[in-house]
Amino acid sequence: MNVIEIKPDIYWVGVVDWAVRDFHGYVTPSGTTYNNYLILDEEITLVDTVKHDFLDVGIANIKSVVDPLKIKNIVINHIENDHMGALDRVMEIVPRDVTIYTTKRAKDGMDRFFDISKWNIITVKTGDEVKTGKYTLKFIETPMIHWPDSMMTYVQGAKLLMSQDAFGQHLASAARFDDEFIDCASLTELEDATLDYYANILMPFGTLIKAKIAEIKKMGIEIDMIAPDHGVIWRKNPELAMEMYLDMANNQANERIVIIYDTMWNSTEQMTLPIMRGIRDEGVDCRVIKLRATPMSVAIKEFWKSRGCLIGSPTLNNEVFPSIAEFMVHLLGLRPKERLMAAFGSYGWGGGAVKWLYEMFNKMKMPVVEPGIGVQYRLKPDDEKKCYEFGRNFAQQVKEYQKKFSIVSTKLCKLCK
Ligand code: FEO
């Protein structure tokens with residue numbers, strides 16, 4: 001893929017990684033992109049770098065636009081490896097006196113990755129500006145979106161926000177802009193990828209995201225394009241991208257229940273069917289995910305989309321099943337909010353999985369429907385009936401709980417209208 005001019009004299013010089021399927025444990029079914037940008041102004045400025053493995057392509061892209069020896073500034077918005085891991089090699093092809101603009105925390109982090117003793121680094125804070133010629137860069141610190149070092153760069157004169165991880169998607173595609181997704185199916189794919197990224201990467205930071213979007217709006221800057229470091233650039237719908245983020249930061253979810261379970265001898269699996277029927281008979285949408293057959297990041301996304309979640313686990317050695325434990329620990333770290341939870345599972349003698357799950361829900365401070373339900377060895381007809389009623393009751397509680405929130409439809413889609 002060649003470079004693309006996204007605004008007058010501002011180029012996308014990133015790379016598309018068509019092949020990656022495991023992004024530090026996160027499943028990326030269509031790959032991803034590592035975006036970075038080159039501003040051809042009086043002071044030529046590179047914003048971020050690409051992932052180390054793709055640096056040769058990244059440098060070739062830069063060279064197709066300008067001699068790297070003419071680069072005057074490098075802006076590093078975020079120091080995670082996929083955006084800064086190749087900075088030492090970039091420094092070998094730019095002038096020695098190039099100026100790096102980044103936050104104090106990023107500089108401290110850089111010092112852990114590289115020998116920065118000979119680098120000219122200027123640390124910046126929110127509101128600091130650098131005039132590059134016809135454009136002026138305004139920096140906005142965004143700590144924890146995604147790491148403590150993170151910031152965004154607003155290009156005054158271009159109404160362009162370079163947002164690093166925020167508003168990104170792990171989505172490799174021929175398209176570079178959101179408006180190139182032209183039918184409902186592809187728009188749904190884009191929305192799903194945006195939601196997936198938020199759920200798996202940014203879920204813990206909803207409060208910060210709300211505050212940061214409010215701060216950006218208060219700054220009075222005009223944004224007509226958002227250029228993230230992954231996925232497509234929001235050219236047509238930057239406002240909708242922000243709205244989607246606000247909805248997610250406000251813990252919006254569909255009136256839907258996801259059943260996430262694993263099973264040993266299929267008893268827990270058999271419990272899911274009458275539970276699902278009970279949910280459906282209450283008119284609530286229901287998704288069923290067998291954890292061992294599903295990537296963790298897909299289960300996280302489906303959890304995040306749904307107002308209610310049922311976790312099903314057999315008991316193994318008086319404890320929860322290991323795959324479910326792994327999922328729950330992952331979820332704990334993502335600090336979800338405002339999803340109604342309950343648990344079910346089969347056991348042979350002492351039980352323990354359902355109790356373990358409720359202890360975990362409490363640790364996560366999640367609202368719960370109690371009690372959970374357990375079945376010994378195999379479902380009998382009366383167990384099936386109890387599971388069905390358990391599903392119905394849970395669905396009723398989810399419908400009631402959903403009334404607290406403004407979105408009560410079964411669709412979050414904002415793009416496909
Ligand atoms: Fe794409 Fe937080 O790095």
Side-chain angles (χ1 to χ4, degrees), residues 3-14 35-50 58-59 61-79 83-84 87 90-91 93-110 116 118-143 145 149-167 212-213 215-229 233-235 238:
V3 301
I4 291 173
E5 191 174 22
I6 63 169
K7 285 275 183 177
D9 299 319
I10 301 177
Y11 290 81
W12 174 85
V13 287
N35 300 336
N36 66 340
Y37 304 96
L38 188 65
I39 303 169
L40 291 193
D41 210 348
E42 286 164 35
E43 292 191 5
I44 295 173
T45 302
L46 179 67
V47 181
D48 294 326
T49 66
V50 297
I59 288 175
N61 285 345
I62 293 169
K63 283 182 174 170
S64 73
V65 181
V66 74
D67 178 353
L69 284 170
K70 292 185 176 167
I71 293 176
K72 178 78 175 67
N73 309 310
I74 296 177
V75 172
I76 295 294
N77 280 324
H78 178 26
I79 64 166
H83 308 299
M84 193 212 58
L87 181 58
V90 171
M91 292 299 282
I93 62 155
V94 295
R96 282 193 175 179
D97 62 348
V98 76
T99 303
I100 297 172
Y101 293 96
T102 198
T103 64
K104 166 78 169 64
R105 279 170 155 166
K107 183 183 176 188
D108 293 346
M110 249 176 229
I116 62 168
K118 292 193 173 62
W119 294 1
N120 175 30
I121 302 175
I122 294 180
T123 58
V124 293
K125 297 192 185 70
T126 295
D128 287 352
E129 293 182 358
V130 172
K131 192 166 173 53
T132 58
K134 66 174 179 268
Y135 292 129
T136 297
L137 310 183
K138 187 193 266 288
F139 304 110
I140 304 164
E141 292 168 279
T142 57
I145 312 167
D149 55 274
S150 295
M151 69 173 188
M152 298 182 188
T153 298
Y154 177 68
V155 187
Q156 268 174 357
K159 300 180 184 173
L160 168 64
L161 183 67
M162 293 173 175
S163 61
Q164 44 95 19
D165 280 343
F167 309 109
K212 192 50 67 177
I213 289 178
E215 184 187 322
I216 289 171
K217 291 197 167 175
K218 205 169 160 193
M219 286 169 88
I221 56 179
E222 251 188 287
I223 297 169
D224 74 4
M225 182 182 287
I226 296 178
D229 275 0
I233 295 164
W234 299 93
R235 178 167 66 183

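Listed for the Trp119 side chain is no donor-acceptor partner under 3.5 Å among the backbone atoms of Ile100. A donor-acceptor pair under 3.5 Å is formed between the side chain of Glu141 and the backbone N or O of Thr126. Of the possible donor and acceptor atoms, one in the side chain of Asn35 sits under 3.5 Å from a partner among the backbone N and O of Pro228. Side-chain atoms of Thr102 never come within 3.5 Å of backbone atoms of Lys107 as a donor-acceptor pair (strictly under, hydrogens ignored).
How far CZ of Phe139 is from OH of Tyr101: 7.0 Å, rounded to the nearest 0.5 Å. The CG atom of Leu46 lies 10.5 Å from the CG atom of Leu40; values are rounded to the nearest 0.5 Å. One distance of note links CH2 of Trp12 with CD1 of Ile233; it measures 8.0 Å at 0.5 Å rounding. Lys138 NZ to Asp128 CG: the interatomic distance, rounded to the nearest 0.5 Å, is 9.0 Å. In this structure, CD1 on Ile39 lies 12.0 Å from NZ on Lys7, to the nearest 0.5 angstrom. With rounding to the nearest 0.5 angstrom, the OG1 atom of Thr132 is 10.5 Å from the CD atom of Gln156.
Put simply, the residue from Asn77, Asp48, Asp165 that forms a side-chain hydrogen bond (donor to acceptor under 3.5 Å, both in side chains) with His83 is Asp165.
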- request: Starting from the C-alpha separation in whole Å, work towards a yes-or-no answer on side-chain contact (heavy atoms from CB on, under 4.5 Å) for Leu160 and Met162.
  value: CA-CA 6 Å; Leu160 168 64; Met162 293 173 175; 3.6 Å; yes
message: Test side-chain contact (heavy atoms from CB on, under 4.5 Å) on Ile62 and Tyr11; report intermediate values, then the result.
response: CA-CA 9 Å; Ile62 293 169; Tyr11 290 81; over 6 Å; no
message: Checking Ile6 against Tyr37 for the side-chain contact (heavy atoms from CB on, under 4.5 Å) test, could you report, in this order, the C-alpha distance in whole Å, the side-chain angles of both residues, the deciding distance, and whether it holds?
response: CA-CA 9 Å; Ile6 63 169; Tyr37 304 96; 3.8 Å; yes
task: Verify salt bridge (charged side-chain N to carboxylate O under 4.0 Å, His left out) between Glu215 and Lys212, making sure each step is shown before the conclusion.
output: CA-CA 5 Å; Glu215 184 187 322; Lys212 192 50 67 177; 2.9 Å; yes
message: Between Asp229 and His78, does the side chain to side chain donor-acceptor pair (under 3.5 Å) criterion hold? Intermediate values first, please.
response: CA-CA 10 Å; Asp229 275 0; His78 178 26; over 6 Å; no
task: Show your reasoning for whether side-chain contact (heavy atoms from CB on, under 4.5 Å) applies to Thr49 and Met91.
output: CA-CA 11 Å; Thr49 66; Met91 292 299 282; over 6 Å; no
For residues 68-76, tabulate all N or O donor-acceptor pairs below 3.5 Å that involve a side-chain atom, not counting sequence neighbours.
{"unit_1": "Asn73", "atom_1": "ND2", "unit_2": "Glu43", "atom_2": "OE1", "d": "3.0"}
{"unit_1": "Asn73", "atom_1": "ND2", "unit_2": "Thr45", "atom_2": "OG1", "d": "3.1"}

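Gln164 approaches Thr142 most closely through the heavy-atom pair NE2-OG1, 3.3 Å. Across Ala166 and Met152, no two heavy atoms sit closer than the pair CB-CE, 3.7 Å. The two residues Val50 and Gly58 have their closest heavy-atom pair at CG2-CA, 4.2 Å. Summarising the geometry of Arg105 relative to Pro143, their closest heavy-atom pair is NH1-CB, 4.0 Å, with the distance given to 0.1 Å. Residues Tyr154 and Ile223 come closest through the heavy atom pair CE1-CG1, 4.0 Å. Between Tyr135 and Ala158 the shortest heavy-atom distance is CE2-CB, 3.6 Å.
Taking 4.5 Å as the limit, some side-chain heavy atom of Leu38 sits within range of a side-chain heavy atom of Ile44. A heavy-atom distance below 4.5 Å is not found between the side chains of Thr123 and Thr103.
Partners of Lys63 by salt bridge (charged side-chain N to carboxylate O under 4.0 Å, His left out), not counting sequence neighbours: none found. Under the rule for a salt bridge (charged side-chain N to carboxylate O under 4.0 Å, His left out), the partners of Asp9 that lie at least two apart in sequence or sit in another chain are Lys134.
Annotation: Lys159, atom NZ; neighbour count of heavy atoms from other residues, nucleotides and ligands within 6.0 Å does not exceed 12.
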